[in-house]
Amino acid sequence: MNTFRKTERLCGRNNLQTLYREGHKFVVWPLRVTWSKNHSDPQTAVLVWAPKSLFKRAVKRNLLKRRIREAYRLNKQTIEDKGWHIAFNYMDKTVQPYAVIERAVQKAVRKLTQT
RNA sequence: ACAGCGGGGCGGCCUGUCGCCCGCUUCGGCGGGAGGAAAGUCCGGGCAACACAGAGCACCAUACCGGCUAACGGCCGGCAGGCAGUAAUGUUUGGUCCCUGGAACAGCGACGAUUGGCGUCCUUCAGCGCAGGAGAGGCAUGCAAGUGAACCGCCCUGCGUGGACGAUGAAACGGCUACACUAUGGGUUGCAAUCCCGAGUAAACCGGCGUUUGAGGGUGGCUCGCCCGAGCCGGAGGGUAGGGAGCGUAAGAACGGCGCAGUAAUGUGUCCGCCAAGAUUAAUGACAGGCACGCAGACCCUGUCUGCGCACAGAACCCGGCUUAUAGCCCCGCUGCGUUC
RNA sequence: GGAGAGAUGGGUGAGUGGCUUAAACCAACAGUUUGCUAAACUGUCGUACUCGUAAGGGUACCGGGGGUUCGAAUCCCCCUUUCUCCG
């Protein structure tokens, strides 16, 4: 099913510090993807954010996070049960439409599957 | 009609597919899910902790008159002055005292000042100052004749110093303001408050002070008072980064009608209706289609088609205000100088 | 979420109602010095508009916009923006 529940979200201070200190990263415009493998929990967990320094208004940050989450929800089947930790963060200064973001997420998922 | 002034309101709707958060569940499902500003955090409260917060001083805020409110620096009504506008109306100021303080650049001045400085004109006797000119004297130099850039006084000319007018300057229909005074209000910190559960480490080490002759803390800007009180402070180091309550209310400083009181803000009722998001890397969305609305264009012109647009913005303990952002539209009242019919 | 602090020439940074000569330091530029350079010393040094042939002068600007005042970098209000603190 194309769901996106609480267990699929990456949270906790230690998890985030570990991911950003030791994880690998690459860029698929307009997203930067940080990832790490070999975790005990088979559920893949995802973090999504847009920086406040690029978007002052909370409405725009929320909109981008919703679009990225939606794109991930519809394209996650191949990596759902691998137990990875993935972080998507938005990098562009302008708000891109959903189609652009979905293409970026699809590309990122393909790239993660190949590595 | 048009233009303007004031007040109030709305802030899209429907369908399909795939999803998110919360509650209930007979596990099939069912119900609920952003705003007028949720924003800024500028005021005022509730609530919580410190003693269910006490006294004095200091400090801060407010300041025409009256009313409303849980409270306010908010709101309503009224008074007087200034400014803008034809007008509707908007905007701004408003306690007391100074005989007892100050009043910038120099002096004066509410014990009532008007000067100096600036501009123009008049006068120019004497003195003084500045600038320029002229030669002879002093003086310098040289044995002397002579020479003289500079120095001293004399002489001449011009300007200023004097007078009048004007403008400037906050300036006589009586300027401005600190401190002070008077009245009223304010204890401090804020839900990361505060309380509980769980996990883990170091009840160890070094130095200082102290145990009823009281260290230290509650306690904040100070003093007092009150309470707690056997540990406290510094150094060097170690551990944690989770969860729950507060926090989503079965009731309220609720909200919407209607009636009544009041010019109004607002208050009130054996009346009627209505019952509400609760996340914590943080839900309320994505895509597609249709309708409505606005603008522009075209045409077979009282309607259809095409294109574009549809704002500002996202709850985080909860209320009452203020301020700021806001596409497009609706309703009510008022005004019109030299708008139009 | 809550509580605070700041923004002044190219940089750092004083000034807290009275022509600020917009102090002072650094950087920059010119000169002196040196065979050359550094150091040292002396001087100049923001932007815009405007008057003047020129030397030089005037006005405005202290993040932006309003207000109070005779007068605002300074006091009050709003906006923009940067930073700090909390369990």
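Order of the sequence lines sets the chain letters (A, B, ...), proteins ahead of strands, with each chain counted from 1. Please read all numbers here as calculations on a predicted model, not as lab measurements.
- Between A/Arg69 and B/C21, a side-chain N or O to OP1/OP2 separation shorter than 4.0 Å is absent.
- Candidate nucleotides B/G19, B/C287, B/U284 were compared by shortest atom distance to the side chain of A/Arg73, and B/G19 ranks first.
- We find that A/Glu70 and A/Arg73 are joined by a salt bridge, their nearest charged nitrogen and carboxylate oxygen being less than 4.0 Å apart.
- If you take atom C1' in B/G338 and the same atom in C/C62, they sit 50 Å apart, rounded to whole Å.
- One finds the OG1 atom of A/Thr78 at 8.5 Å from the CG atom of A/Leu112 (value rounded to the nearest 0.5 Å).
- Base-pair partner of B/C295: B/G307 (Watson-Crick or G-U wobble, both distances under 3.5 Å).
- Across the strands present, C/U47 finds its partner in C/A60; the criterion is a Watson-Crick or G-U wobble pair with both atom distances under 3.5 angstrom.
- Here the separation of B/C274 from B/C329, taken at their P atoms, is 36 Å to the nearest Å.
- Judged by distance alone, with hydrogens and angles left aside, A/Glu70 brings no side-chain donor or acceptor close enough to the base of B/G19 to form a pair under 3.5 Å.
- Here, B/G95 and B/C65 have their P atoms 9 Å apart, quoted to the whole Å.
- If you check B/G129 for Watson-Crick or wobble pairing at under 3.5 angstrom, you find it paired to B/C159.
- The distance from atom CZ of A/Arg67 to atom P of B/U284 is 13 Å, rounded to the nearest whole Å.
- With both ends at atom C1', the span from B/U270 to B/A70 equals 27 Å, rounded to whole Å.
- Here A/Lys107 pairs with A/Val28, A/Arg110 under the side-chain contact (heavy atoms from CB on, under 4.5 Å) rule; sequence neighbours left out.
- Look at the P atom in both B/C125 and B/G166: the space between them is 29 Å, to the nearest Å.
- Regarding A/Leu64, its CG atom lies at a distance of 20 Å from the P atom of B/U281, rounded to whole Å.
- You'll find that the side chain of A/Leu74 is closest to B/C18, out of B/C18, B/C20, B/C287.
- When Watson-Crick and G-U wobble pairs are counted only if both distances are under 3.5 Å, B/G31 pairs with B/C22.
- Look at A/Lys56 and you'll find a side-chain N or O under 4.0 angstrom from OP1 or OP2 of C/U82.
- If you check every strand for non-hydrogen atoms under 4.0 Å, A/Arg57 touches sugar and phosphate atoms only.
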